Amino acid sequence: MSIPQRILASSTASLVAEAELLTIGSFGSVVTYSRKIFIPLTRLCRDVCHYCTFATTSREAAAAYLSRDEVLALARAGVASGCREALFTLGDRPEARHAAARMALDRLGHGSTLSYLREMASAVLEETGLLPHLNAGLMDDTDYQALRPVAASMGLMLETVSDRLSAKGGPHFGSPDKVPARRLAAIEAAGRARVPFTTGLLIGIGESRTERLEALVALRDLHRAHGHIQEVIIQNFRAKPGTRMAHHPEPPLDEHLWTIAAARLILGPDMVIQAPPNLHRPEDLAALLRAGVNDWGGISPVTPDHVNPEAPWPHLDALAEATAATGRILRERLAIGPSFACAAERWMVPSLAKVVRRSVDARGLPVTDGWHAGGGASVPDISVGGRSVVSTALEQIVAKAVAGERLDEGQIVRMFAADGGDVGRIADAADALRHEQVGEPVSYVVNRNINYTNICLYKCGFCAFSKGSAKAGRGAAYRLDLDEIGRRAAEAVARGATELCLQGGIHPAYDGNTYLDVLRTVRDAAPNVHIHAFSPLEVSHGAATLGLRLEDYLARLARAGLSTLPGTAAEILDDGIRALICPDKIDTIGWLEVMRTAHRIGLRSTATIMFGHVEQYEHWARHLLRIRDLQEETGGFTEFVPLPFVHMEAPIWRKGQARSGPSFREVLLMHAVARLVLHPSMPNIQASWAKLGSDGVVAALRAGANDLGGTLMDESITRAAGGRNGQLCDPRRMAELAALAGRTARQRTTVYGPVAAPRLPSIVGEHV
């Protein structure tokens, strides 16, 4: 039995139950909406649909088109109310029917409505930053290509595939643009043009259930061919006074639920399915969500629903409450759907993709909390809410992690996708596990960074620290000589440092002997200091330039004074991502092999992740699992350090090719999930004060972190990227931060041993 046949033979209750499971399995607890302003560019139309109150006549219209000033006034009102989308609604090619439209276009200097639409969408985009979504009626390949540069997305309701509804007496009689074949052709043309597209069904206008299923199958097939349908609206007919269908019966709620569930089953678990929340009673919204809805569409805090003016939008607070009552969480989206926003380079012109990419988190949803890594802003409260429809499933995953079992990639991704109160539940579980593993002290090491050169052969897109040569135009390039390195080492020890952290760019003049010389210089200047030095990239470079095996070169480094390795240059341990952010750098296998070899000869190391740029949650999961697997093999990692991407000066961000760092929700989850995934073999999770700032590290300490890293003395890499959290966090400040988290601070050695006689060192600099 085919899916449509099975749906026809099933009860609404059984279809809804199946659809609900599919929806939750794909979208979890999140239900989206778009905060937008409606711009009814023209209400003239060449069609005469028998249920429509949007279209009017030239006699009744005050003007054929909104003027530029009127359009921009609406858009600016939207910006003032926090909107991100400008929805242009208009009739279908009114110039083909109305002389008033032709004359108005002539005065405006345009030959068509679509030409004027392009100018207005461009003006809104350029002058207000709102992302246009265009509902412009039937269009062909040429039309889409002309409008694509000024629109984040476009839309056209299919409504029905029933030709009989266009016959005399039907609701579409006299409406040439409602012929199903023409609408399907227009939707397919949007796919060829790579336009993120919204479409859907209008139910209750005289079609049969079988015809609805045929329409859904047609949309499914178009999406399979082009992948461009970002959401499908299942809209229920509402009878409107003054129309020919004013007395036509409206479909009952059960009919709407049946069709929503059918859409979910036919279109699949990943399709965004929308139902307008203003066309039902508030108490019916829960049923719509259970039937398969995961999006409420556009909600305007400024303008009415021009298509359904008799049905005002619900207040956003009321909509959030109604959504929460079903165990769901209301979250804002852009005009382009989340999955499309995550692949903006495929679906948009570069200028629009840049705007979208900079706006969203790894889910493709806009970051609305105003917090950025390195930015110094106060952290938002992101774990508000009760239990959700996925709380129990998440708790089962957490319990498995706490028991020390290895999670799979999908389970880790589900934790990273947690929202609302589930974030707090994961953070609390991680914090409880932290208490069990390492107790209450917050550890830190007194150290100094010595970055001996910022001149680098490599061109990592995220790095604002490195310079290509001594003549680099972006900031001053430098190379410290050995005497200066030795002087800084001795000075650091005199100020109380127990560790020196040495890293730098891959200078074109450096070879393996350079790193050996650096070690000997530091060891001579500070015989007893712990030397924490050289990323796997530097180690690999040094070995290659001397023609040595990794094991032999690492042994030489150890004999020259190397104590441990920093786990930097890991970024994301996934070669697909590395090809985008650091294509010429050491690959995943190479990084892991340096660490494996170092651990084998007795050199321990840290492990890091640099997240929030171009990757998604599955890449975070793979990274954590690779770290866990190597740790179980060698036991050589001392700690795991999440490093949120600081975007402000990063080349890849300035080119519009990366997100603006992770959201704070993602940052908090990274620390908590890392604690859970890496248990029991990795007891130490570090929070970076340079990236998170004071409030951020306190929050991380309450979400599974137990370490604040080093005092640093001369933090320069985050500052080069635009970080504003200072270059020093001295022991007094470490103690203050721990106290804010309700804990006490403890100075440690690099490998987490006790310090024999900890003292407050004499450190000067710009504090966090």
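Owing to the predicted nature of the structure, the values given are computational and were not obtained by experimental measurement.
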Distance-only, no hydrogens or angles: does the His98 side chain make a donor-acceptor pair with backbone N or O of Ala100 under 3.5 Å? no

Under 3.5 Å: donor-acceptor pair, side chain of Asp92, backbone of Cys45: no

Donor-acceptor pair, side chain of Arg76 and main chain of Thr128, under 3.5 angstrom: no

Closest approach of Ala286 and Thr326, non-hydrogen atoms and distance? CB-CG2, 3.2 Å

Where is the tightest heavy-atom contact between Tyr65 and Pro94, given as atom of each residue plus distance? OH-CG, 3.6 Å

Between the main-chain N or O of Arg118 and the side-chain N or O of Ser122, is there a donor-acceptor pair closer than 3.5 Å? no

Is Pro380 close to Arg665 at the side-chain level, that is, under 4.5 Å between some pair of heavy atoms? no

Does the pair Leu216 and Leu267 meet the rule for a side-chain contact (heavy atoms from CB on, under 4.5 Å), with working shown? CA-CA 7 Å; Leu216 290 169; Leu267 298 171; 4.2 Å; yes

Would Ile234 and Leu288 count as a side-chain contact (heavy atoms from CB on, under 4.5 Å) if you check the C-alpha gap in whole Å, the side-chain angles of each, and the deciding distance to 0.1 Å? CA-CA 10 Å; Ile234 307 299; Leu288 299 179; over 6 Å; no

Can you tell whether the side chains of Arg35 and Glu332 come within less than 4.0 Å, N to carboxylate O? no

Using modelled atom types and a 3.5 Å cut-off, is there a donor and acceptor pairing between side-chain atoms of Ser81 and backbone atoms of Cys83? no

Just to verify, which of Gln274, Glu85, Glu231, Arg84 counts as forming a side chain to side chain donor-acceptor pair (under 3.5 Å) with Ser34? Glu85

So does Leu279 get a backbone contact from the side chain of Arg238, meaning a donor-acceptor N/O pair under 3.5 Å? yes

Would you check, one step at a time, whether the test side chain to side chain donor-acceptor pair (under 3.5 Å) holds for Asp270 with Ser26? CA-CA 6 Å; Asp270 297 329; Ser26 187; 2.7 Å; yes

State the CD-CD1 distance between Gln5 and Ile3, to the nearest 0.5 angstrom. 11.0 Å

Counting only heavy atoms not in Arg244, do more than 12 sit closer than 6.0 Å to its CZ atom? no

Any chance you could measure Ser663, atom OG, to Asp419, atom CG, to the nearest 0.5 Å? 8.5 Å

Once rounded to the nearest 0.5 Å, what's the spacing between atom CZ of Arg281 and atom CG of Leu253? 7.5 Å

At what distance, to the nearest 0.5 angstrom, does CG of Asp163 lie from CD of Glu211? 9.0 Å

Distance-only, no hydrogens or angles: does the Arg182 side chain make a donor-acceptor pair with backbone N or O of Pro176 under 3.5 Å? yes

Less than 4.5 Å apart, any side-chain heavy atom of Leu66 and any of Tyr116? no

Close side-chain approach of Glu119 and Arg68, heavy atoms under 4.5 Å: yes

Trace of the side-chain contact (heavy atoms from CB on, under 4.5 Å) decision for Leu219 with Leu201: CA-CA 10 Å; Leu219 292 178; Leu201 276 60; 3.8 Å; yes

Matching residue for Ser166 among Pro180, Pro171, Ser175 - test: side chain to side chain contact (heavy atoms under 4.5 Å, CB included): Pro180

Are Thr160 and Glu207 linked by a side-chain donor-acceptor pair shorter than 3.5 Å? no

Are any non-hydrogen side-chain atoms of Leu316 and Tyr33 less than 4.5 angstrom apart? yes

Determine whether the side chains of Ser11 and Ser14 contain a donor N or O and an acceptor N or O closer than 3.5 Å. yes

So do Leu74 and Pro40 actually touch side chain to side chain, heavy atoms under 4.5 Å? yes

Return the minimal non-hydrogen interatomic distance between Pro196 and Ala152, and the atom names on each side. CG-O, 3.6 Å

Heavy-atom closest pair, residues Ala341 and Val356: CB-CG1, 3.7 Å

Could you check whether any side-chain heavy atom of Arg357 comes within less than 4.5 Å of a side-chain heavy atom of Val614, counting everything from C-beta outward? no

Can you find a pair of side-chain heavy atoms, one from His172 and one from Ile205, that are under 4.5 Å apart? yes

When Gln230 is tested against each of Ile336, Asp295, Val272 for side chain to side chain contact (heavy atoms under 4.5 Å, CB included), which residue passes? Ile336

Rounded at 0.5 Å granularity, tell me how far CD1 in Ile203 sits from CD in Glu250. 11.0 Å

Tell me if a side-chain donor or acceptor on His228 pairs with a main-chain N or O of Ala189 at a distance below 3.5 Å. no

Atom of Phe197, atom of Gly155 and distance for their closest heavy-atom approach: CZ-C, 3.6 Å

Residue pair Arg363 / Val30, side-chain heavy-atom distance below 4.5 Å: yes

Got a donor-acceptor contact below 3.5 angstrom from the Arg102 side chain to the Glu95 backbone? yes

Taking it one step at a time, do Ile39 and Leu87 satisfy side-chain contact (heavy atoms from CB on, under 4.5 Å)? CA-CA 6 Å; Ile39 301 178; Leu87 170 60; over 6 Å; no

Output yes when a side-chain donor or acceptor of His372 lies under 3.5 Å from a complementary backbone atom of Ser660, and no otherwise. yes

Side-chain ion pair, Asp143 and Arg93, N-O less than 4.0 Å: yes

Which heavy atom of Ala362 sits nearest a heavy atom of Cys342, and at what distance? O-SG, 3.4 Å

All side chain to side chain donor-acceptor pair (under 3.5 Å) counterparts of Thr12, not counting sequence neighbours: Asp254

Sequence neighbours excluded, which residues qualify as side chain to side chain donor-acceptor pair (under 3.5 Å) partners of Thr23? Arg264

Here the gap from Leu147 atom CG to Ser115 atom OG, rounded to the nearest 0.5 Å, amounts to 9.0 Å

